[in-house]
Amino acid sequence: MNIMLFHSAYGPRPAVRAAADRLRAAGHEVWTPDLFDGATFETVEEGMAHQDAIGKDELLKRAVLAAAPYSERGLVYAGFSLGASIAQTLALGDERARGLLLLHGTSDLAPNVAVDGLPVQLHVAEPDPFETDDWLSAWYLQMGRAGADVEIYRYAGAGHLYTDPGLPDYDEEAAEATWRVALGFLGTL
């Protein structure tokens, strides 16, 4: 599978490269675009301030330019938190998308989005301050109405970015469970 993997608001941290290596070891081709020009951050607040300074439209433009040379191959879009939000936007706009793997995040849906059975898998902490229960319920219904085939996996007690071993949110058990399920999902596409 060809996977476009987007980083979180923390930037292109070592955990992103480690995730890409894990996916490559499972036989996938993976690209990890750097939307922050190499900047990484120690706190989510610093990362979000940098994200806001760049602006949503510019981040999406950078993501589209990164994915465009490979989209004809039929990409699986994936991402961590902010990167998941970007991956979702791109996947729902790419008629060749093969799947969508969301780790720790989702995004609003544009009106009148329609996909034909796009396989979507979301992995998120429970509770998660950025992905509340009410929001996830509404998101799930909207994705279903758009035609996506959605699976949601919740990890009780894990922190928001629980797959990154370099952050305080890290939860090894939840991270390994996430990767087992995600690799199985990718294997079915």
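- In this structure, the side chain of D169 engages the main chain of L161 through a donor-acceptor pair within 3.5 Å.
- With contacts defined as side-chain heavy-atom distances shorter than 4.5 Å, the pair M48/L82 does not qualify.
- For R98 (side chain) and M1 (main-chain N/O), no donor-acceptor pair under 3.5 Å exists by modelled atom type.
- Side chain of R17 to backbone of P12: a donor-acceptor contact under 3.5 angstrom is found.
- Both F36 and M4 are assigned to one and the same hydrophobic cluster, defined by single-linkage of ILVMFWY side chains at heavy-atom distances under 4.5 Å.
- Residues N2 and Y70 are not in side-chain contact: their nearest non-hydrogen atoms beyond the backbone lie 4.5 Å or more apart.
- The shortest distance between side-chain heavy atoms of Y10 and T40 does not fall below 4.5 Å.
- The backbone N or O of V30 lies less than 3.5 Å from a partner atom in the side chain of R24, making a donor-acceptor pair.
- In terms of modelled atom types and a separation under 3.5 Å, the side chain of R62 and the main chain of L35 share a donor-acceptor contact.
- Cluster membership for Y153 and L100, using ILVMFWY side-chain heavy atoms within less than 4.5 angstrom, is not shared.
- Looking only at distances, a side-chain donor or acceptor of Q88 sits under 3.5 Å from a matching main-chain atom of S107.
- The backbone N or O of F80 lies less than 3.5 Å from no partner atom in the side chain of H104, so there is not a single donor-acceptor pair.
- Taking hydrophobic clusters as Ile, Leu, Val, Met, Phe, Trp and Tyr residues chained together by side-chain heavy-atom distances below 4.5 Å, L186 shares a cluster with L103.
- Within a 6.0 Å sphere centred on CD of E173, other residues, nucleotides and ligands contribute 12 heavy atoms or fewer.
- For Y170, the OH atom counts as densely surrounded, since its 6.0 Å shell holds more than 12 non-hydrogen atoms of other residues, nucleotides or ligands.
- Enclosure of atom CD in E176 by more than 12 non-hydrogen atoms of other residues, nucleotides or ligands within 6.0 angstrom is indicated.
- When side chains are defined from C-beta on, D108 does not count as touching T89, because their heavy atoms never get closer than 4.5 Å.
- For the pair Q121 and L102, the minimum side-chain heavy-atom distance is 4.5 Å or more.
- The cluster map of Ile, Leu, Val, Met, Phe, Trp and Tyr, joined by side-chain heavy atoms under 4.5 Å apart, puts V120 and L92 in the same cluster.
- Put simply, the side chain of L136 reaches to within 4.5 Å of the side chain of R154, judged on heavy atoms.
- A donor-acceptor pair under 3.5 Å is formed between the side chain of E46 and the backbone N or O of T43.
- Judged by distance alone, the side chains of H123 and Y155 do bring a donor and an acceptor atom under 3.5 Å apart.
- Within the 4.5 Å cutoff, side-chain heavy atoms of W139 are placed close to those of V150.
- L183 is listed as a side-chain neighbour of L23, based on a closest heavy-atom distance under 4.5 Å.
- Note: the hydrophobic cluster containing F41 does not contain V16 (ILVMFWY, side chain heavy atoms under 4.5 Å, direct or indirect links).
- The shortest heavy-atom contact between T163 and A175 is CA-CB, 3.9 Å.
- Side chains of Y77 and D94: a donor on one and an acceptor on the other come within 3.5 Å.
- To the nearest 0.5 angstrom, D52 atom CG is 9.0 Å from L59 atom CG.
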